[in-house]
Amino acid sequence: MKTAISIPDVLFAEAERFAQDNGLSRSELFARAVQLYLAAHRYQGVTETFNTLFAEEQEPLDPAVAAAQSRAIGREDW
């Protein structure tokens, strides 16, 4: 798909130079950059969601589960 974007001239020049230096077309460079950006932000918000969920949890952890977790962690090399 073709698209038009607006970016600062300085960024465009840097991207153009980088693409040439690395044997990439401009399209390939921008496609890879978008892929990396999306991958880096794919799970954004997951930690916040879990924090909210567990902040609402009112019941204490089952003692048997807590003991099992403690035993498992004790065997790990930190």
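- Grouping the Ile, Leu, Val, Met, Phe, Trp and Tyr side chains by contacts below 4.5 angstrom, directly or via other members, places Y43 with L53.
- Here the CG-CD distance, from L29 to Q20, works out to 11.0 Å after rounding to the nearest 0.5 Å.
- Every residue was checked against the side chain to side chain donor-acceptor pair (under 3.5 Å) condition with Q69, not counting sequence neighbours, and none meets it.
- Counted within 6.0 Å of CG on D9, heavy atoms from surrounding residues, nucleotides or ligands total 12 or fewer; the atom is thus considered open.
- Going from atom CD of E28 over to atom CG of N22 covers 11.5 Å, rounded to the nearest 0.5 Å.
- One finds the CZ atom of F12 at 6.5 Å from the CZ atom of F30 (value rounded to the nearest 0.5 Å).
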**Request:** Check step by step if side chain to side chain contact (heavy atoms under 4.5 Å, CB included) holds for V34 and L38.
**Result:** CA-CA 6 Å; V34 170; L38 293 174; 3.8 Å; yes
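- Between the side chain of E48 and the backbone N or O of G45 there is at least one donor-acceptor pair closer than 3.5 Å.
- If you take CD on E16 and CG on L24, they are separated by 11.0 Å, rounding to the nearest 0.5 Å.
- The two residues A19 and S25 come nearest to each other via the heavy atoms CB-O, 4.1 Å.
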